[in-house]
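What follows is a single structure, written as structure tokens, with notes after it.
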Amino acid sequence: TDGKQTSISSVNFSQASFMKNREAGVVLGDGCDDMIAMAQSVFEYDWAQAYAYTFDPSQYTQAELDMIRSPLPYTVVMPPQPNIPGAFVTPQPAWITGSVQLATIFTSPDFAHDTVMPLLSGATSSVDIMIYQITDDSLCQQVISLYQRGINVRLLVSNVIYDETDWKAAQACYGQIYSAGLRFRKTPKY
């Protein structure tokens with residue numbers, strides 16, 4: 001906002017994201033000028049490459065069009081979060097202040113792979129990986145290699161994968177990981 005803050009997150013503005021998925025994000029503020037500038041430069045580049053949204057009224061019913069075109073406020077009621085016995089509820093977001101010794105910011109598809117892989121290969125005792133899915137063979141093999149080197153690997157993947165092609169690729173990877181002896185977990189269904 002105004003070049004002074006930026007939010008980087010996996011949160012989608014959808015009911016599933018708000019109510020069912022474990023999403024994560026960070027808001028960068030004072031003292032994070034270089035990271036904010038980097039995130040802003042990525043946005044500016046993508047904005048310049050993007051194309052304008054074209055509204056196609058034939059995709060909507062008349063009632064939906066009336067709602068879309070109405071200048072009147074539309075009340076949106078978010079249902080209460082589900083009460084799931086035993087589920088971990090994160091604390092309310094709060095600003096954390098202090099000095100940052102080292103922070104790395106990266107984006108996909110540009111440098112995510114080349115940034116994460118050396119971090120993983122440099123592990124000496126343990127790695128915790130919480131990821132939606134693993135469909136990349138080199139990441140799959142890296143996880144297996146870590147485990148075979150004696151690194152304590154805790155892998156947590158999503159219980160649900162929506163795209164069929166991604167689901168098949170992830171299952172192939174998970175079969176390899178399981179066959180190598182590494183036991184991992186899938187997120188609970190909420």
Side-chain angles (χ1 to χ4, degrees), residues 1-30 32 35-96 105-113 116 129-137 139-140 155-174 185-190:
T1 56
D2 300 327
K4 296 178 183 174
Q5 292 181 332
T6 193
S7 170
I8 301 171
S9 80
S10 65
V11 178
N12 296 306
F13 281 74
S14 67
Q15 184 175 7
S17 184
F18 287 136
M19 306 301 284
K20 297 180 179 180
N21 299 347
R22 174 72 73 203
E23 305 281 357
V26 63
V27 177
L28 303 174
D30 290 339
C32 298
M35 288 187 277
I36 292 170
M38 188 272 194
Q40 187 67 38
S41 69
V42 171
F43 180 86
E44 294 298 339
Y45 178 84
D46 289 347
W47 179 264
Q49 306 305 311
Y51 56 91
Y53 171 76
T54 303
F55 180 73
D56 181 1
S58 69
Q59 301 297 311
Y60 299 93
T61 67
Q62 187 59 49
E64 290 169 330
L65 287 171
D66 292 344
M67 186 185 328
I68 291 168
R69 293 177 175 151
S70 173
L72 299 174
Y74 182 76
T75 303
V76 176
V77 178
M78 287 294 293
Q81 291 227 316
N83 182 7
I84 303 164
F88 174 74
V89 178
T90 57
Q92 288 288 327
W95 283 101
I96 299 171
I105 185 172
F106 58 89
T107 62
S108 284
D110 306 313
F111 299 104
H113 189 272
V116 172
I129 303 170
M130 182 177 182
I131 194 166
Y132 174 59
Q133 64 191 13
I134 300 177
T135 57
D136 177 74
D137 190 57
L139 179 55
C140 185
L155 175 62
L156 180 61
V157 296
S158 178
N159 189 44
V160 178
I161 299 174
Y162 295 97
D163 180 78
E164 184 178 353
T165 301
D166 285 346
W167 183 86
K168 287 178 181 178
Q171 297 313 305
C173 171
Y174 302 160
R185 296 184 182 188
K186 291 187 171 186
T187 59
K189 291 183 181 179
Y190 294 116

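Because only heavy atoms are used, hydrogens play no part in the values below, and waters and symmetry mates are left out as well, while side chains stay in. All residue numbers refer to positions in the sequence shown, counting from 1.
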Quick check: do [X] and [Y] have side-chain heavy atoms less than 4.5 Å from each other?
X      : Y      : answer
Asp136 : His113 : yes
Val27  : Thr6   : no
Lys4   : Cys32  : no
Val157 : Ile129 : no
Leu65  : Phe55  : yes
Thr187 : Val160 : no

If you round to the nearest 0.5 Å, how far is CD1 of Ile134 from SG of Cys173?
->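 One finds 4.5 Å between SG of Cys173 and CD1 of Ile134.
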CZ on Arg185 to CG on Leu156, rounded to 0.5 Å =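 Those atoms lie 8.5 Å apart.
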Partner of Leu28 under side-chain contact (heavy atoms from CB on, under 4.5 Å), chosen from Gln5, Met35, Met38 =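 Running side-chain contact (heavy atoms from CB on, under 4.5 Å) over Gln5, Met35, Met38 with Leu28 returns exactly one hit, Met35.
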Around atom CG of Asp30, are there more than 12 heavy atoms of other residues, nucleotides or ligands at under 6.0 Å?
-> no
Can you establish whether the number of heavy atoms outside Lys168 located under 6.0 Å from its atom NZ is more than 12?
-> no
Quick check: does any side chain N or O of [X] sit under 3.5 Å from a backbone N or O of [Y], one acting as donor and the other as acceptor?
X      : Y      : result
Glu64  : Thr61  : yes
Thr135 : Asp166 : no
Tyr174 : Ala169 : no

Minimum heavy-atom distance Ala170-Gln133, with the two atoms named | CB-CB, 4.4 Å
How close do Pro57 and Arg69 get, heavy atom to heavy atom, and via which atoms?
->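 Taking every non-hydrogen atom into account, CB-NH2, 3.9 Å.
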Residue pair Gln49 / Asp46, side-chain donor-acceptor N/O under 3.5 Å |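 No pair is found: no donor N or O on one side chain lies under 3.5 Å from an acceptor on the other.
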